[in-house]
Amino acid sequence: MKIKVINPNTTASMTERIGMAARAVAGPGVEVVAVNPAFGPASIEGHYDEAMACVGLLDEIRRGESDGFDAYVIACFGDPGLDAAREVARGPVIGVAEAAMRAASYLATGFSVVTTLGRTVVIAEHLVDKYGVRSHCRRVRSTELAVLDLEDPRSEAFGRIRAECQRALDEDGSGAIVLGCAGMADLCERLRETLGVPIIDGVVAATVTAEGLVRAGLRTSKRGDYAPPLPKTYTGSLARLAP
Ligand code: 2AL
């Protein structure tokens, strides 16, 4: 089985860490290939970044179909392009936010999301509603850390995220924490050891979900809105991406 894990931002060091987190949980015989688009935003921290990242992401999904991948993970917490990717892919496409929120709701009646910049909170809130997990999500909290701060080992990222997780446990009545950025994957284990509650990293949750669905023989439905996009002309610089 081959799973393509796509970091929709173009920061290769983050892609590397995301790939390591996915490989650490992939079962025997599962090949994880972690990539990022060659063009697009270096980090995704708002609606505009998300929209711009979708083109490169969908380009990677299209290539993945030619290369015979069985499933995909979209490794950015806004799950950018998820529905569009499901139109293109035959296998399952799993977004890290959806996978993490669903996993958290198996493990606790209430979870908090701890994310990066405050401006991304509304993106996560929208996803809470979209995925129907409002009654499980107690609160979405920001740390005001920029995504690329997570790449800097000298940043205070771990301490600030741990402190926000602790506040979530104390003030929100949550029993589990969802990490609100794919770039937090490598902090998950240490946070779990310190905080003593389930800490859910979406890269891990999405990888095991994708693998499990493929193993169960399940693919994306091609009936209805996830049917392949209609063939038509795309013009200008998007011409090569026409369905
Ligand atoms: C993210 C993420 O997971 N990757 C990225 O570039 N931005 N999400 C976030 N909330 O900051």
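Atoms within a ligand are numbered from 1 in the order they appear, just like the ligands themselves.
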At less than 4.0 angstrom from any non-hydrogen atom of [X], what atoms of ligand 1 do you find?
{"X": "Ser43", "result": "6 (O)"}
{"X": "Ala182", "result": "2 (C), 3 (O)"}
{"X": "Thr115", "result": "10 (N)"}

- What protein heavy atom sits nearest atom 7 (N) of ligand 1, and how far away is it?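 So the nearest neighbour among protein heavy atoms is Ile44 O, 2.6 Å.
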
- Task: Indicate, as side chain, backbone, both or neither, the part of Val147 found under 4.0 angstrom from ligand 1 when only non-hydrogen atoms are considered.
- Result: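 Contact part for Val147 vs ligand 1: side chain (C-beta onward).
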
- Item | Point-to-point distance, once rounded to the nearest 0.5 Å, from SG of Cys54 to CD1 of Ile74 |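 One gets 8.0 Å once the value is rounded to the nearest 0.5 Å.
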
- How many angstroms lie between CZ in Arg162 and CG in Leu187, if you round to the nearest 0.5 Å?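 Answer for the CZ-CG pair, Arg162 versus Leu187, is 11.0 Å.
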
- Taking all non-hydrogen atoms of both residues, which atom of Asn7 and which atom of Met14 are closest, and how far apart?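 Between these two residues, the closest heavy atoms are ND2-CB, 3.9 Å.
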
- Message: Check this for me, if you would: do Glu164 and Arg167 make a salt bridge, where the nitrogen-to-carboxylate-oxygen distance has to be below 4.0 angstrom?
- Response: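 Looking at Glu164 and Arg167, the cut-off is met.
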
- Quick one: do Lys2 and Asp70 make a salt bridge, cutoff under 4.0 Å?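 Not counted as a salt bridge, because no side-chain N and carboxylate O are separated by less than 4.0 Å.
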
Counting both backbone and side chain atoms, is some N or O of [X] under 3.5 Å from an N or O of ligand 1?
{"X": "Asn9", "answer": "yes"}
{"X": "Cys76", "answer": "no"}
{"X": "Thr116", "answer": "yes"}

- Query: Are Ile18 and Val73 connected, step by step, through hydrophobic side chains (Ile, Leu, Val, Met, Phe, Trp, Tyr) whose heavy atoms are closer than 4.5 Å?
  - Reply: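 Looking at the clustering, Val73 is in the same group as Ile18.
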
- Task: Look at ligand 1 and say whether Gly78 reaches it with a heavy atom at a distance under 4.0 Å.
- Result: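 False for this residue.
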
- If you measure from atom 10 (N) of ligand 1 to every heavy atom of Ala185, Cys181, Gly183, Gly180, which option wins on shortest distance?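 Looking at heavy atoms only, the winner is Gly180.
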
- Item | Asp67 side-chain N/O to Phe69 backbone N/O, donor-acceptor pair under 3.5 Å |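 Answer holds: no.
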
